[in-house]
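In what follows, chains carry the letters A, B, and so on, assigned in the order in which the sequence lines appear, proteins first and then strands, with residues in each chain numbered from 1. It should be emphasised that the depicted structure is a prediction, and the values quoted were computed from it without experimental measurement.
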Number of protein chains: 2
Amino acid sequence: MARMVAERSDAIASLAEVFREHGYEGASLALIGKATGLGKGSLYHFFPNGKEEMVRAVLADIEQWFEDSVYSPLRDGEDADAAIATMLKETTKYFRSGGRVCLVGALAVANTRDLFAQAIRGYFVGWVDALQAALVRQGRDVEQARILSEDAVLAIQGAIVLSRALDDPAVFQRAIDQLHGRLAFDGTALDNSSGKRSF
Amino acid sequence: MARMVAERSDAIASLAEVFREHGYEGASLALIGKATGLGKGSLYHFFPNGKEEMVRAVLADIEQWFEDSVYSPLRDGEDADAAIATMLKETTKYFRSGGRVCLVGALAVANTRDLFAQAIRGYFVGWVDALQAALVRQGRDVEQARILSEDAVLAIQGAIVLSRALDDPAVFQRAIDQLHGRLAFDGTALDNSSGKRSF
DNA sequence: TAAACTGTTTACTGATCGGTACAGTATTTT
DNA sequence: AAAATACTGTACCGATCAGTAAACAGTTTA
């Protein structure tokens with residue numbers, strides 16, 4: 001019999017995609033097997049706890065990617081504005097302008113939320129915290145930065161939902177552009193400390 | 001045998017809840033039967049096309065509720081500001097401050113999107129259009145009102161995702177409050193026509 | 001070379017899936 | 001009261017579900 005000498009990590013990208021496309025319940029072992037090219041035996045060899053362990057592995061992989069590509073620059077980058085621009089650019093690419101679902105967001109809305117609550121929370125807390133750090137480094141008020149970063153993360157999730165619902169990537173792109181304007185530190189950020197924004 | 005004299009419409013609220021909690025694939029006929037108190041025989045009597053027809057009925061019901069409670073006032077209400085305030089209030093109540101999922105949004109993100117694409121699109125188009133109409137009646141530019149209304153609908157969907165992910169209703173409430181500030185016509189709305197907002 | 005380890009295939013299990021068929025019971029209509 | 005209609009419970013269908021078991025092959029270690 002042919003030996004594929006597959007590694008566990010090789011399967012994770014395929015797993016992520018199949019869970020994104022079909023959700024936790026919708027992704028059957030048959031679909032997973034087809035997507036990864038692995039039989040049940042191999043799958044249970046790599047992930048003895050079945051689907052749940054597969055999702056956990058995928059979530060850890062996603063978390064790591066965001067940590068390296070987005071959170072870390074936001075927290076520690078020299079130029080806060082540049083880090084924010086990178087975040088928006090990488091995010092747009094990652095979610096394919098709304099054409100690709102956010103697995104973490106999708107899990108948060110599904111009934112499987114409780115099973116992965118910690119990982120889901122960690123993903124979003126990491127994002128909001130990192131963005132807040134960048135905004136504070138811009139010179140913004142801590143409390144204001146908190147609100148604004150929550151607002152931004154939330155907008156990205158909403159943009160995915162709406163752009164998919166309308167089947168229009170432009171909706172996603174417009175939302176990202178809006179965020180760019182709102183998150184950029186253009187010198188007026190502290191002029192109006194009331195928190196009330198004019199349009 | 002006991003006769004329940006059930007009506008089709010009686011089941012729809014329970015159906016909506018079970019689809020919200022378990023999603024389309026996750027809501028098995030066993031679960032649906034338990035939630036509605038109806039056996040398979042009754043369910044297929046009322047909904048000959050099975051789960052798909054059940055979801056369609058639920059979506060139509062939701063659409064109608066939003067039309068009456070939210071869209072119609074936004075489009076035709078005398079006071080645009082009041083209609084917007086009503087929208088935010090009713091929406092908060094409806095989604096239980098993020099504790100309750102938006103079924104339409106959840107379907108939009110799931111792989112079942114294509115099956116219900118038209119209904120999903122109708123729901124969101126109706127919302128954005130109605131809100132845009134109210135914003136225009138406030139005296140805003142049509143194009144600006146479009147962007148702003150997309151932004152608002154998207155923020156509500158994102159707020160549901162994030163507040164569930166963080167298990168914190170306050171996140172939803174803060175997002176609604178933010179929207180209140182951004183959507184209210186406070187006289188400054190046209191002062192800055194560049195579209196760039198100060199914070 | 002022999003043993004141990006790492007994958008892979010295949011066949012299988014019991015449970016559950018969505019959906020159908022139909023007899024039977026209530027209600028309404030005539 | 002009789003007939004038509006509306007609703008319900010149950011038994012059943014083939015398909016698919018997640019997961020297990022075990023024989024077997026390729027690779028690494030001793």
Side chain to side chain donor-acceptor pair (under 3.5 Å) with [X]: which residues, sequence neighbours excluded?
{"X": "E52(B)", "value": "R56(B)"}
{"X": "D167(A)", "value": "none"}
{"X": "Q118(A)", "value": "none"}
{"X": "D68(B)", "value": "Q64(B)"}

### Query
Per the end-axis method with five pairs at each terminus, what is the bend angle of the helix from dT1(C)-dA30(D) to dT30(C)-dA1(D), to 10°?
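Axis angle across the helix from dT1(C)-dA30(D) to dT30(C)-dA1(D), nearest 10°: 10°.
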### Query
Under a 4.0 Å N-O cut-off, is there an ion pair linking D129(A) with R146(A)?
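Judged by the 4.0 Å cut-off on N to carboxylate O distance, D129(A) and R146(A) do form a salt bridge.
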### Task
Mind running a 4.0 Å heavy-atom check of residues 40-53 of chain A against DNA chain C and sending the residues that fall below it, in number order?
G41(A), S42(A), H45(A), F46(A)
### Query
Is there a residue in residues 20-31 of chain B whose heavy atoms reach under 4.0 Å of DNA chain C, and which residues are they?
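The stretch gives A27(B), S28(B), L29(B), A30(B) as the residues lying under 4.0 Å from the strand, ordered by number.
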Let me check something: any side-chain donor-acceptor pairs from residues 157-166 of chain B under 3.5 Å, sequence neighbours excluded? List them with distances.
residue: S163(B); atom: OG; partner: A159(B); partner atom: O; Å: 2.9
residue: S163(B); atom: OG; partner: I160(B); partner atom: O; Å: 3.4
residue: R164(B); atom: NE; partner: A108(A); partner atom: O; Å: 3.0
residue: R164(B); atom: NH1; partner: G99(B); partner atom: O; Å: 3.4

### Task
State which residues pass side-chain contact (heavy atoms from CB on, under 4.5 Å) with A170(B); sequence neighbours excluded, sorted by chain then number.
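Listed in chain order: D168(B), R174(B).
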Please tabulate, one pair per line, all N/O donor-acceptor pairs under 3.5 Å involving side-chain atoms of residues 100-107 of chain B, not counting sequence neighbours.
residue: R100(B); atom: NH1; partner: Y94(B); partner atom: O; Å: 3.0
residue: R100(B); atom: NH2; partner: E17(B); partner atom: OE1; Å: 3.2

### Task
Keeping to residues at least two apart or across chains, list the salt bridge (charged side-chain N to carboxylate O under 4.0 Å, His left out) pairs with something in residues 83-95 of chain A.
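As it turns out, the salt bridge (charged side-chain N to carboxylate O under 4.0 Å, His left out) pairs with a partner in residues 83-95 of chain A, which skip direct neighbours, are E90(A)-K93(A).
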#### Entry: Pairwise side-chain hydrogen bond (donor to acceptor under 3.5 Å, both in side chains) hits with a residue in residues 103-116 of chain A, at least two apart
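side-chain hydrogen bond (donor to acceptor under 3.5 Å, both in side chains) check on residues 103-116 of chain A returns E25(A)-N111(A).
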